[in-house]
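Reminder, nothing fancy here: chain letters follow the sequence lines and each chain counts from 1. Small disclaimer: the values here were computed from a predicted structure and weren't measured.
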Amino acid sequence: MTCFEFRRLLLAQPRELTALQQEHAAGCTSCAKAAEAAVGLDMQRAQSLLVPPPEALADRILLRQKMGPRTHYGMWAIAATLVVGVALGIQHYRSYDTAHENVNTATAVGMNHPAVAAISFVLDHEPQLLKENRSGDPNVMRAAFQRLGLKLPGDGVSMRYLGKCPVPGGTGDHVVLQTPYGHVTLILVPDYPVGSRVMVADRNMTALASPVEKGGYIVIAQSRQVIREIERMLGS
Amino acid sequence: MFATKQSKFESMVRAYSTELYRYAYWLCRDRHTAEDVVQETFARAWKACDELRDDKAARSWLYTILRNEHARLFRRKPLDIDHDQALDEIVDDSARDPAQELEFRDAMNALPPSYREPLLLQWIGGYSCKEIAEIMGLTEGAVMTRLTRGRIALGRLDGTAARRRKGRSA
């Protein structure tokens, strides 16, 4: 193998020298040095490509898969949901009485219902997010609460995690609170219609999806009573 | 059966979503588009999961789907690339010189896609020339030529940037 052939191959695959290349490098100091420099530069360049992935990317992919694919008539579906959701939401919101609220099963509302998907997200992905101990911008959360017309949780409540999570049609603010009633998750979805108010019990958790004037929220806790207390705190 | 398919899919997502995102990012140079491409890639992978006979081939299979998905998107609409995207948003934090990183990024963006793509598969995917040839549907020789020319072009572009930098500091 000539030095020219060695270097031509080196440019194609610097980190995997063939047996012939290795043999050549053993007897040619100049090519051996060139190989060493090429590997260093190649590793540096490969390192430069390691852009950070978006937060919870894998979780979002899995959630989307569980919720089903987007359709080509997605915009129409969203528009229809908006109209129906707002109408039903207003109606339900006016006549709402938590104490007598019906708790549905996941089968009854469907596995793709946002409240069921939220329970799955909390049980399947939240523990890992809590372990990563990352937290988003509290100002973003404050703005989301304000846009939804909700009060920030008061005394005795601390925030354990703040991030983004997937919701049908976009992302929501994912807030994990430590409350006197235990660990509670809130998913805030400003500007997206949650549809009608629905409470669901699934896998030992309860979730309430509730519309507000500009969007909606989902509370996930261990019981209906805790959800009621949290709603009281939020002033909703 | 469903549990097997589901768990196989979950393992694929957990194992490969980050590197596929990086590959998509450098193909389309936009974070949001890259995430969309990765989402679509996995949506298609889920539908076609049963066709995947050999689990060891899953990674290359996903790269191939992503390439097709990117090509489909590119055909459908011209990409609106955010050239002003802040460097600290896209490049992992480390002790590397940000100016050099920016110049390397510009040099990568200036490379013709036919050179950039095999380089990305080698750097991000860690693929050999033979594997890249299979993913891209080319001969091994053609891949080697592209990799060689890509590195030469990148070296020139990097050199131009370094000379520009020197000129500015002088």
*Residue pair A:P53 / B:T18: nearest heavy atoms and the distance that separates them*: CG-CG2, 3.7 Å
*asked:* For the CD1 atom of A:I61 and the OG1 atom of B:T41, what is their distance to the nearest 0.5 Å?
replied: 8.5 Å
*Rounded distance (nearest 0.5 Å) linking atom CG of B:L119 with atom CZ of A:R45*: 8.5 Å
*chain A: which of B:C129, B:G150, B:P118 shares the most heavy-atom pairs with it under 4.5 Å?*
B:C129
*Atom CD of A:Q22 with >12 non-hydrogen neighbours under 6.0 angstrom*: yes
*Listed by chain and number, what are the salt bridge (charged side-chain N to carboxylate O under 4.0 Å, His left out) partners of A:D42, not counting sequence neighbours?*
A:R15, B:R151
*Pairs flagged by ring-ring contact (aromatic ring centres under 6.0 Å, His included) wherever residues 111-154 of chain B is involved - sequence neighbours left out*: B:Y63-B:Y127
*Measure across A:L62 and B:E10 and return the closest heavy-atom pair with its distance rounded to 0.1 Å.*
CD2-CG, 3.5 Å
*Heavy atoms under 4.5 Å from chain B: which residues of residues 5-13 of chain A carry them?*
A:R8, A:L9, A:L11, A:A12, A:Q13
_pair A:E16-B:S128: side-chain heavy atoms closer than 4.5 Å_ = yes
_Looking at chain A, which one of B:M108, B:R14, B:M144 has the largest number of heavy-atom pairs inside 4.5 Å, strictly under?_
B:R14
*Does a side-chain heavy-atom distance below 4.5 Å link A:L49 with B:Y25?*
no
_Can you tell me how far apart CD (A:Q47) and CZ (B:F104) are? Round to the nearest 0.5 Å._
11.0 Å
*Within residues 28-35 of chain A, residues adjacent to chain B where the heavy-atom gap is under 4.5 Å*: none
*Which pair of heavy atoms, one from A:S48 and one from B:W26, lies closest together, and at what distance?*
O-CZ2, 3.8 Å
